[in-house]
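Structure record follows, encoded as C-alpha cells.
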Amino acid sequence: FHDHALMIIFLICFLVLYALFLTLTTKLTNTNISDAQEMETVWTILPAIILDLITLPSLRILYMTDEVNDPSLTIKSIGHQWYWTYEYTDYGGLIFNSYMLPPLFLEPGDLRLLDVDNRVVLPIEAPIRMMITSQDVLHSWAVPTLGLKTDAIPGRLNQTTFTATRPGVYYGQCSEICGAN
C-alpha cells in the first residue's frame, strides 16, 4: 500500500511541478483557461477520484489487520495504581498480580522500574489477544519492543493482538503519569 500511495503522490507532485515550470517559462498565456468551467470541474473531481484510489486499499488493509479471528491465547490485563492484574481467561481463572520490584529487592542485572515479581508467560509464534482495562484511573499498557501501546480506561475494555516472534523477556511499562511513583 505504501508503494501504491507513494506512486500516486509522486505523479501528482510531478504534474504540479511540470505545470508550474510551464507557467513560469512560457511567455504565451491563453485567456480561455481563466473562464473554463470544464477545467474547474475536472480539477474538483480529479482529487476526489485520487483520494478514493488511496482510501479504498487502505481501508481493506486496515480491516484485514484489525483482529485475529482465532487467537491461541486470550489474556485480560487490569490496571491498578502501581500494579497489574492478569487473567488467563482460557485457563479457567488463572489470576495473578504483577508488582514492580522495589529497589531494595533488585538483584544485579535487574532493571529498575521494569522488573516485576510475577511475569506474564507467553508462547512464541502464536497469535495472542490482550484485553486491557483499568480498575481505578487511566493507565497505558505498553510493551515497546513489541510495538504495543493500549490505553486502559475504567469501564472500557480495549483489545490488541500481537505475536511474539522470538523467545526472551519483553519489558512492559505503564506510560501514563498516574501518581507519585
Side-chain angles (χ1 to χ4, degrees), residues 1-6 8-9 50-181:
F1 171 73
H2 175 266
D3 295 341
H4 172 74
L6 194 62
I8 292 173
I9 293 169
I50 292 171
L51 285 175
D52 286 340
L53 289 174
I54 294 173
T55 303
L56 294 176
S58 69
L59 285 176
R60 189 178 125 265
I61 292 171
L62 180 67
Y63 285 119
M64 283 174 46
T65 61
D66 185 34
E67 182 176 340
V68 174
N69 293 329
D70 190 22
S72 297
L73 180 64
T74 300
I75 301 173
K76 184 177 180 183
S77 176
I78 303 169
H80 304 276
Q81 286 188 352
W82 312 122
Y83 71 98
W84 291 87
T85 300
Y86 293 98
E87 299 178 10
Y88 285 81
T89 58
D90 299 336
Y91 295 102
L94 178 60
I95 302 171
F96 64 92
N97 293 329
S98 181
Y99 292 92
M100 278 190 305
L101 288 176
L104 295 175
F105 294 112
L106 290 176
E107 296 182 15
D110 289 345
L111 299 174
R112 189 173 83 72
L113 298 178
L114 290 178
D115 271 307
V116 293
D117 58 353
N118 293 318
R119 293 180 176 161
V120 176
V121 179
L122 303 172
I124 61 170
E125 298 297 334
I128 300 165
R129 175 190 296 148
M130 289 295 295
M131 310 292 262
I132 301 159
T133 188
S134 173
Q135 187 70 34
D136 44 25
V137 297
L138 291 176
H139 297 281
S140 185
W141 188 87
V143 182
T145 53
L146 291 174
L148 297 172
K149 182 177 177 187
T150 305
D151 288 332
I153 301 168
R156 181 174 178 177
L157 193 63
N158 287 331
Q159 169 180 298
T160 187
T161 57
F162 64 94
T163 302
T165 57
R166 59 181 188 261
V169 177
Y170 296 94
Y171 289 101
Q173 59 192 33
C174 184
S175 53
E176 294 284 336
I177 300 174
C178 59
N181 290 331

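Values reported hereafter were calculated over all heavy atoms of this structure, with side chains retained and with hydrogens, waters and symmetry mates removed. Quick caveat, the model's predicted, so the values are computed rather than measured. Residue numbers count from 1 along this sequence.
Residues satisfying the side-chain contact (heavy atoms from CB on, under 4.5 Å) test with Ile124, not counting sequence neighbours, are Ala164, Pro167. Applying the salt bridge (charged side-chain N to carboxylate O under 4.0 Å, His left out) criterion to Asp90, with sequence neighbours excluded, gives no partner residue. Partners of Trp141 under the side chain to side chain donor-acceptor pair (under 3.5 Å) rule, at least two apart in sequence or in another chain, are Tyr86. With sequence neighbours excluded, the residues that form a side-chain contact (heavy atoms from CB on, under 4.5 Å) with Thr133 are Lys76, Ile78, Leu157. Residues passing the side-chain contact (heavy atoms from CB on, under 4.5 Å) test with Arg156, sequence neighbours excluded: Ile153, Asn158. Residues passing the side-chain contact (heavy atoms from CB on, under 4.5 Å) test with Arg119, sequence neighbours excluded: Asp115, Val116, Val169, Tyr171.
Between Met131 and Thr74, some side-chain heavy-atom pair lies under the 4.5 Å cut-off. Looking only at side-chain heavy atoms (C-beta outward), Leu53 and Ile8 come within less than 4.5 Å of each other. Put simply, the side chain of Gln159 does not reach to within 4.5 Å of the side chain of Ile132, judged on heavy atoms. Proximity of Phe162 to Arg129: side-chain heavy atoms (C-beta onward) are nowhere separated by under 4.5 Å.
The two residues Tyr88 and Ile75 make their nearest non-hydrogen contact at CE2-CD1, 3.8 Å. Heavy atoms only, all atoms of each residue included: Ala152 and Ser134 are closest at O-CB, 3.5 Å.
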Donor-acceptor pairs under 3.5 angstrom involving side-chain atoms of residues 91-110: please list them, not counting sequence neighbours.
from   : atom 1 : to     : atom 2 : distance (Å)
Asn97  : OD1    : Thr85  : OG1    : 2.7
Ser98  : OG     : Asn118 : O      : 2.8
Asp110 : OD2    : Glu107 : N      : 2.9

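Between the NE2 atom of His2 and the CD1 atom of Ile9 there is a distance of 8.0 Å, given to the nearest 0.5 Å. Here the CH2-CD distance, from Trp84 to Gln135, works out to 12.0 Å after rounding to the nearest 0.5 Å.
Although no hydrogens or angles enter the test, the distance criterion places a donor-acceptor pair under 3.5 Å between the side chain of Asp136 and the main chain of Gln81. Under the 3.5 Å distance criterion, the side-chain polar atoms of Ser140 are left unmatched by any main-chain donor or acceptor of Asp151.
Just one residue in the list Leu148, Leu122, Val120, Val143 forms a side chain to side chain contact (heavy atoms under 4.5 Å, CB included) with Tyr170, and that residue is Val143.
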